Undergrad: 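Can you read through this structure? Questions will come right after.
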There are 2 protein chains.
Amino acid sequence: MDKQLDNRLQTRNIKPTAMRQLVLQVLSEQKTAISLPELESKFENADRSTLYRTLKTFEERKLIHSIDDGTGALKYAVCHEKCDCHPEDLHVHFYCIKCKNTYCLTDIPVPEINLPVDFDLESINIVVKGVCANCNI
Amino acid sequence: MDKQLDNRLQTRNIKPTAMRQLVLQVLSEQKTAISLPELESKFENADRSTLYRTLKTFEERKLIHSIDDGTGALKYAVCHEKCDCHPEDLHVHFYCIKCKNTYCLTDIPVPEINLPVDFDLESINIVVKGVCANCNI
DNA sequence: AATGTTTATGCAACCGGGTTGCAAAGTTAA
DNA sequence: TTAACTTTGCAACCCGGTTGCATAAACATT
């Protein structure tokens, strides 16, 4: 039981059940964002709806964020510690058409976008598609 | 049979069948992007797979482009006349969480994004979520 | 016009991600 | 210990997307 991960659950007001600890652990180990079906396959016998609800809870409490990379399955990745998922907190995502991985480009904040008058901004989803450095040999 | 729409099919090398003319007509009438299920409901008795394949063909030939706005259903909108769907041609999209419409903000080009070294860019999907001017009374 | 070839359409069936209702198990508070 | 609430597991479902296959339509060639 990783004390640090447990803390992250606590500070986000999520009761640290065994299941949730495991899920957070798996999520933390990923270098790229992961989908519900992928998460499912990391466990021998975990129930899909439980994992589903766990992800939803995590997302609601802003422990993780979701990325719609256009593959048909939502991807999830852990937020940075102080993230509130406000526009200033958001970053660009990159989907590699070769290895099919979705990266959080945490160093690249979403650019400012000037909406037409009377349009209110709430969030921005940016997915850049192309070939990642690993596949670009 | 609108001569202009017919021309747009021709110049994109799409044989102007009755079905395709109708679909293009409907698409052209929309002020916001439309999904396959929505398109389906605009016809009394059209086959889903035919509409599906029509959209695919249109998209392939760059007569229309698709937007993944995160609602679970791809949305489609007609491209501007000279569009090649290259990054320079792309614009920002806006999804209104109130009226659930997806707008093409054709006046707002996608901003330039500096990827990490060795990352190759192919396309960019930007969806801004918020409240649109119509809903913002 | 008759033939063969290609293309488009319609139908049915399927797939996969997401989602929900409900009952059982577990946790917490009184 | 009991009652109230939360989490989990199971089953079932929904819906958008997709495909195989047979028919129909369009096109080209003789």
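What you see below is based on every heavy atom in this structure, not just the backbone, and it leaves out hydrogens, waters and symmetry mates. Each chain gets a letter, A, B and so on, in the order its sequence line appears, and its residues count up from 1. Computed from a prediction, not measured in an experiment: that's the story for all the values here.
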Undergrad: Within this structure, what is the CD-to-P distance between Glu40(A) and dT8(D), rounded to whole angstrom?
TA: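 The distance from CD of Glu40(A) to P of dT8(D) comes to 15 Å, rounded to the nearest Å.
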
Undergrad: Can you name the residues that form a ring-ring contact (aromatic ring centres under 6.0 Å, His included) with Tyr95(B), not counting sequence neighbours?
TA: none

Undergrad: Which protein N or O atoms sit under 3.5 Å from an N or O of nucleotides 13-15 of chain D?
TA:
none

Undergrad: Restricting to side-chain hydrogen bond (donor to acceptor under 3.5 Å, both in side chains), what partner residues turn up for Ser35(A), sequence neighbours left out?
TA: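 Per chain and number, Ser35(A) pairs via side-chain hydrogen bond (donor to acceptor under 3.5 Å, both in side chains) with Glu38(A).
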
Undergrad: Hey, does the side chain of Thr54(A) come within less than 4.0 Å of dT7(D)'s phosphate (OP1/OP2), counting only N and O?
TA: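 The answer is no; no side-chain N or O of Thr54(A) sits under 4.0 Å from OP1 or OP2.
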
Undergrad: What residues form a side-chain hydrogen bond (donor to acceptor under 3.5 Å, both in side chains) with Asn7(B), not counting sequence neighbours?
TA: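 Partners of Asn7(B) under the side-chain hydrogen bond (donor to acceptor under 3.5 Å, both in side chains) test: none.
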
Undergrad: The criterion is side chain to side chain contact (heavy atoms under 4.5 Å, CB included); which residues satisfy it with Cys79(B), sequence neighbours excluded?
TA: His65(B), Cys83(B), Cys85(B)

Undergrad: Is there any protein nitrogen or oxygen under 3.5 Å from a nitrogen or oxygen in nucleotides 20-22 of chain C, and what are the pairs?
TA:
residue: dG21(C); atom: O6; partner: Arg53(A); partner atom: NH2; Å: 3.3

Undergrad: Would you jot down, in residue-number order, the residues of residues 93-104 of chain B having a non-hydrogen atom under 4.0 Å from DNA chain D?
TA: none

Undergrad: Nearest whole Å is fine: how far is dT8(D) C1' from Leu22(A) CG?
TA: 14 Å

Undergrad: Quick one: on DNA chain C, does Ala73(A) or Arg20(B) contact a more 5' nucleotide (nearest heavy atom)?
TA: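 Counting from the 5' end, the first nearest nucleotide belongs to Arg20(B).
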
Undergrad: Under 4.5 Å side-chain heavy-atom separation, chaining through any Ile, Leu, Val, Met, Phe, Trp or Tyr, what else clusters with Leu5(A)? Say none if it is isolated.
TA: Leu9(A), Ile14(A), Met19(A), Leu22(A), Val23(A), Leu24(A), Val26(A), Leu27(A), Ile34(A), Leu36(A), Leu39(A), Phe43(A), Leu51(A), Tyr52(A), Leu55(A), Phe58(A), Leu63(A), Ile64(A), Leu74(A), Tyr76(A), Val78(A)

Undergrad: What is the distance from NZ of Lys75(B) to C1' of dG17(D), rounded to the nearest Å?
TA: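 In whole Å, dG17(D) C1' and Lys75(B) NZ are 15 Å from each other.
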
Undergrad: According to side-chain hydrogen bond (donor to acceptor under 3.5 Å, both in side chains), who are the partners of Asn114(A), at least two apart in sequence or on a separate chain?
TA: none

Undergrad: Report the hydrophobic cluster partners of Ile137(A), with the cluster defined as I, L, V, M, F, W, Y residues connected by side-chain heavy atoms closer than 4.5 angstrom, directly or transitively.
TA: none

Undergrad: Here's a test of your reading of the structure: between Ala46(B) and Lys15(B), which maps to the more 5' nucleotide of DNA chain C?
TA: Lys15(B)

Undergrad: What residues form a side chain to side chain contact (heavy atoms under 4.5 Å, CB included) with Glu122(B), not counting sequence neighbours?
TA: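 Checked Glu122(B) against side chain to side chain contact (heavy atoms under 4.5 Å, CB included); matches are Ile97(A).
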
Undergrad: Kindly write out the residues that satisfy side chain to side chain contact (heavy atoms under 4.5 Å, CB included) with Asp118(A), not counting sequence neighbours, or none if the list is empty.
TA: Ala133(B)

